[in-house]
Structures are given as C-alpha cells and as structure tokens.
Amino acid sequence: MATGTTPTAPLTSAVFAILLSLAEGEKTGSPSTGLGRWGGKHGYLIMKDARAPEGGGVRLGPGTLYGSLDRMMRDGLVEESGVSDDERRRYYRLTNLGHSALAVELERLDAAVASARSLGLLPHGSRS
Amino acid sequence: MTRTPPQFDRLERFYALALRLYPAPFHDEYGPSMRQAFRDALRDRTLSRRSLIPLVLRDLVTSIAKEHLAMLRDTFARPALIFNALVLAGISTGVALALYAIPQQVLRQGLNDPQLQLAGDLTARLEQGIAPAEADPAGSVDMARSLAPFVIAYDDEGRPLASQAHLNGKTPTPPSGVFDYVRQHGEERVSWQPILGRDHGVRIAAVVQRVNGPHPGFVLAGRNMREVEAREEQVEHMAGLTWIGMLGVIVAGTAVFGRFTKPKTA
C-alpha cells in the first residue's frame, strides 16, 4: 500500500542506491528491456549499478534488493513498469514520490558536503 | 546457445533451495526474480565468483531473518489478530492461575485436618478439668525435622504448660497477637514461623483454640509445612510451564494464522 508521503528521514544505503540507479536509467534513457524504449530496470541491473562507485558502492544481494523493492513499492517510491522481455525478469521504475524522495536525499547529502567543505573537512574543488 | 557450466547449475539449484527459507508469500512473489538475478550475477564476467558467493551467503542470512521479522511485524500490527491473541493470553493466564490456586488451596486446607482434630480433642479434655500434663503427655517431636503433628497447651498468659514438641530444646510460643485474637474469636489458623528464613526457617501450620472452663488457656496444634510447601512449589512450576507453553502456542498460532490470512498488498 502506498503511503504517498515523501520520506524525511535519511534513506538507507540500499534504498538510496536503488532510487539512484532507476533515476540514472531514466536520464540516459537506455532501453534496458531491449524493447526499444525505456521500460525500467530489472533486478540484476540495479544490483550492478549500486555496486559501481558512482552508484553508491553498495553491494546488494538479491534478498536485500527485492526486500527493499517490496517495501519501496508499498511506500509508493517505485512501481513495476509492466514491460518485460522475459517473464522471470521484473522491471521497476521511479514514481513521482520516488523522484521527490531522491531529490530530498540528494539535497540533504549536498548540504552535508557543503558543511563539511566549509569546515575544511573536504578540500575545495574536490568531487562531492 | 551457450552451454552453462555444471558448477553454475549446482550453485543455482542450491540457491533455489535456499530461497525456500524465505516466508512463503515473499518466496512466491520474488523467488523467480531473485533466482534470475543470481543467474545473471553468475554469468557476469565482471564479477568474480570469489566475491559473489560470500556476498550472496551473507545476503541470504540477513535478508531471510529480515523478511521473517518483517512478516511477524506485519502480522502483529493487525489489531484484530492482536486482540484475539490478548484475549487468548488472558484466558490462558486465568487457566494457569486456576491450575496453581486450586491444588494449592486443597493442599493447604488438607494440611490443617489433623491439627483441627488434635486441638479439638485436647481442648475438650482440658475443659473437662483434666490436668494439662495428663491431657497432653510430653512428646519428643522435633518441630524443625519431624512432619508429625503435635499439640501444646498454654495458660491464659500464653506460657507453655505441656508440650509434645520442642524446637532447639525449648517449647516455642507464638506471637501474643495470636492469643489476643483467639481470646476474642475462639480459634485461629495461622502459618507460624518460629525460626525465620527461606532455606533454614521453620514454618508451622498451626490451629490455635481457646480453652474455657476453670483453667482458661490455649491449645496449639501444629505440623511442619515443609513437605506441603515442596508440593506447592511443584504445582507452581507445573502451572508456570503450562502458562509459558500456552503463551508459546498462542504466539506461534497467531503468527501462522496471520501468515495465511495476510491481505494482499500488491
């Protein structure tokens, strides 16, 4: 059941990595299903994105991934796209609420990085 | 079509078996997709087997525990189920209390039967004017060790006149409040503790009666409670275990019932 409210508490690393992976897919628009249009990402693609440094460097196993996706669907952050090239593969995409949650989290992290930089904990000009 | 290495098939079969350890609704919903993700990971040449297998094993352990906990949380968050479980827990608590209280009362009441008989007989003889030493011939019951019932005759001031029992070589006297009460009400049944202490104390189930007539006084008939208290303790343990067992059955039953009646959320 979707709750319909943007999460205000910091997201878990798994949830953040999943949202980031799905958002990245939308931006690049790569047709991950092989059906010629953006239809979301399937489980292993999300795991692979999350493992990459730019995806958060989170090592997700299938259990953690699908457990997180199950709760995120109930919270209304992601949904199944309904598009599939293989019945064993399920494809997921962000909802509007998922976009908002990711934006809130990125702003929170950005503010933390800016604060660390102003305190001299992070050199100016370094990647954030 | 590429041929799958046999070790991949074995790993995949093992993973498919391990997936059965997840709660059934979760397994039914995501099992095939998780298996597919594992299959994809096995075939991903950028990912080493050495890092994949420990990751998957760790993930199995943590996520199986997490999903079972989440299922229990969902189950016990349903007010109707919790209400039913609480009602059943209340009933089982009542049953367990009855299992303790009824035998305990039967044991405790039965403990006084010989004393009532002895006290009544001695009181009647003393009221007939028979001398205490003659009516209550001296005995050698050690109140701390023996389970035999005994009687003691006291004068109107509460001083021992004749006794069948002794404790550390002396005839003990109950608190004066007991005599005051018996003077007003005729009889009192008390648990008397002439030596205090949980392990080495002496507890006596005593019946004290008033002696009227030409030489007023009191008669105390008593009996060491040690054996009956041991039986009461056994009854308490049995009732406690029964209570814990019933609560366990209620919790497990509620979890199983909740699992099979879980509303579909998807």
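Only heavy atoms go into these numbers, but all of them, side chains included; no hydrogens, no water, no symmetry mates. Naming: A, B, ... by sequence-line order, numbering from 1 per chain.
- Counting all heavy atoms, side chain and backbone alike, B:S33 lies closest to A:R90 at OG-CD, 3.0 Å.
- One distance of note links CG of A:L65 with CE of B:M34; it measures 8.5 Å at 0.5 Å rounding.
- Scanning both residues, B:A70 and A:R71, for their nearest heavy atoms gives CB-NH1, 3.8 Å.
- The CG atom of A:L69 sits 11.5 Å away from atom CD of B:E29, with the distance rounded to the nearest 0.5 Å.
- Distance alone, capped at 3.5 Å, places no donor-acceptor pair between the B:D40 side chain and the A:Y44 backbone.
- With a threshold of 4.5 angstrom between heavy atoms, B:T46 approaches chain A through side-chain atoms but not through N, CA, C or O.
- For the atom pair OH (B:Y30) and CG (A:D70), the distance works out to 3.5 Å, reported to the nearest 0.5 Å.
- Annotation: maximal heavy-atom pairing with chain B below 4.5 Å, among A:G61, A:S68, A:P62, occurs at A:P62.
- Residue A:L60 touches chain B through its backbone alone, counting heavy-atom pairs closer than 4.5 Å.
- B:L47 places a side-chain heavy atom less than 4.5 Å from the side chain of A:R51.
- B:A37 and A:Y66 get closest at one heavy-atom pair: CB-CE1, 4.4 Å.
- Environment of CG in B:D44: crowded, with over 12 heavy atoms of neighbouring residues, nucleotides or ligands closer than 6.0 Å.
- Only the side chain of B:R39 comes within contact range of chain A, with heavy atoms under 4.5 Å apart.
- A:R59 approaches B:L55 most closely through the heavy-atom pair O-CD1, 3.5 Å.
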